[in-house]
Amino acid sequence: MGKVVLKFGGTSVGDVAKIKATAEQAIREKEKGHEVVVVVSAMGKSTDHLVNLAEQINPKAPSREMDMLLSTGEQVTIALLAMAIEHEGHAAISYTGWQAGLVTEEIHGNARIQNILTTNVGKALDEGKIVVVAGFQGLSENGEITTLGRGGSDTTAVALAAALGAEKCSICTDVVGVYTSDPRYISEARKLAEIDYDEMLELANLGAGVLHPRAVEYAKNFNIPLEVRGAHVVEVGTMIKEGNLLETKQVVRGVAFDDKIARIRVSFKSVDKMNVACIFTKLAEEHVNVDIIVQSIGEEAGPSAVSFSLKEADLEEALRVLEQNKAAIGYHDLVTESGLAKVSIVGSGMVSNPGVAAQMFTVLRNAGISVRMISTSEIKVSVVVPEVKMLEAAEVCHQTFDV
Ligand code: ASP
Ligand code: MG
């Protein structure tokens, strides 16, 4: 039997009992004959607590020092878990990200993994040990500690699975799988047996939260079968893999939604005054992320406009940037709207089924929900709607497409 990588998130290692349960699960995998690597997050909400401490001391803390601080969370868990496994009579060894050979670029707070030197992990596995690795952290070539972005332990797990040639990577978490929509709000949401990489990537990017988007990207690039399952339960989870799924009839595989969105409409007296590049360059320079962009060109000398959506929390900063650069951008007027939400349907089957978008707009219209913006990809349709209508919109889409 081959290598397996198991990853446990913060809630699943949040206290002593859960660390012991995690140790037992790792041992069960080992006893099945696998070589076992366990990647863990910081216990419970400890990363949030560390962020909070830093904010009280210095709201503009250097990002290098933030990484120095946040990387300690995972180091606590690895030591405790290795001790728990040893206590059950099995050999284990814990490694920090750098001991496990995770080399990253030197971008503090959001580094990408560049390379994994698996010497230590490989040797420990050969010696029959269960290897426990700290998620979310690595080392740059200059020897600086880096972190991979919030939720980044998933990515550590998948990257290690790829580097080790593992047969599977299981993300063990506080939900039992990937759902068609958020079961807390959508009455008919159900657990999926399977989903393909591209669909999962869209859902993760749309804020489905269950997986770090970069982890899905990695799994896709290296063709690692990825499982999302409940920690410490026997129930099977959801498999994320390449195409050819059993439930092929389904056009839409998931419905995602995200609140607290705002829209800015920048209008111009005429099209030749319109410096769209300048808008988005200035916003990018100030690290304001925008999402959907819609441009409309007026006839001849008529009004033209660019509308875009962004997080409500970034609205004030975006307005400051736009006003500061008004002359360079060349705009005439600016309107904002907040209290919006984005609802999206995702499914690989859309590629070969025309009319999915039309059907979505029709049901929303029949439900009296006004659509403010639209964006599509081959396997996704997103609409921006009033926030108060978000759940209703998601619910009708879920019903209509029989997700
Ligand atoms: N502990 C980190 C966080 O809370 C990384 C992770 O949990 O994946 O974001
Ligand atoms: Mg997570």
Side-chain angles (χ1 to χ4, degrees), residues 5-15 18-19 21-22 25-26 37-55 61 63-82 94-100 102 104-105 107-113 116 131-140 145-162 169-175 178 200-201 203-205 207-219 224 226-232 237 240 313:
V5 176
L6 308 175
K7 182 259 169 181
F8 290 83
T11 357
S12 310
V13 289
D15 57 33
K18 287 181 173 168
I19 289 179
T22 300
Q25 194 168 330
V37 176
V38 189
V39 174
V40 285
S41 294
M43 290 172 69
K45 297 243 166 285
S46 57
T47 308
D48 291 337
H49 289 310
L50 293 171
V51 170
N52 184 270
L53 276 177
E55 273 166 2
S63 54
R64 178 191 185 275
E65 304 308 332
M66 282 308 287
D67 278 355
M68 188 63 86
L69 178 69
L70 298 191
S71 62
T72 62
E74 273 68 14
Q75 200 168 329
V76 172
T77 325
I78 54 170
L80 293 174
L81 181 57
S94 67
Y95 288 130
T96 60
W98 37 102
Q99 288 175 319
L102 267 100
T104 74
E105 39 177 33
I107 296 187
H108 289 292
N110 200 18
R112 280 177 180 268
I113 299 170
I116 302 187
V131 179
V132 182
V133 177
F136 174 60
Q137 51 176 252
L139 201 67
S140 75
I145 295 176
T146 55
T147 62
L148 311 182
R150 295 303 306 268
S153 295
D154 294 346
T155 302
T156 303
V158 180
L160 259 176
C169 179
S170 297
I171 307 290
C172 308
T173 176
D174 50 356
V175 293
V178 178
M200 191 63 232
L201 198 54
L203 288 176
N205 279 320
V210 58
L211 279 177
H212 197 229
R214 228 177 254 169
V216 185
E217 232 172 74
Y218 238 103
I224 303 289
L226 188 59
E227 178 191 31
V228 174
R229 56 171 304 150
H232 320 132
I240 302 151

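Counting starts at 1 for both ligands and their atoms, following the listed order. Owing to the predicted nature of the structure, the values given are computational and were not obtained by experimental measurement.
For the pair Val13/Lys18, no side-chain contact is recorded, criterion being any heavy-atom separation below 4.5 Å from C-beta on.
Within the 4.0 Å heavy-atom cutoff, Gly152 counts among the residues contacting ligand 1.
There is no side-chain donor-acceptor pair under 3.5 Å between Thr146 and Asp67.
Which of Lys7, Glu74, Arg150 comes nearest to atom 1 (N) of ligand 1 through a heavy atom is settled by distance: it is Glu74.
At under 3.5 Å, a nitrogen or oxygen of Ser153, whether backbone or side chain, sits near a nitrogen or oxygen of ligand 1. Polar contact check, Asp154 against ligand 1: no nitrogen or oxygen pair lies under 3.5 Å apart. Polar contact check, Gly151 against ligand 1: a nitrogen or oxygen pair lies under 3.5 Å apart.
Applying the side chain to side chain donor-acceptor pair (under 3.5 Å) rule to Ser46 yields no partners; only residues at least two apart in sequence or on another chain are considered. Checked against salt bridge (Lys or Arg N to Asp or Glu O under 4.0 Å), Glu227 has the following partners two or more places apart in sequence or in another chain: Lys168, Arg229.
For the atom pair CE of Met68 and CD1 of Ile145, the computed distance is 4.5 Å after rounding to the nearest 0.5 Å. Between the OH atom of Tyr218 and the SG atom of Cys169 there is a distance of 12.0 Å, given to the nearest 0.5 Å.
Near Phe136, the atoms of ligand 1 lying under 4.0 angstrom from a non-hydrogen atom of the residue are 2 (C), 5 (C). Proximity to Ser41 (heavy-atom distance under 4.0 Å) selects the following atoms of ligand 1: 6 (C), 7 (O), 8 (O).
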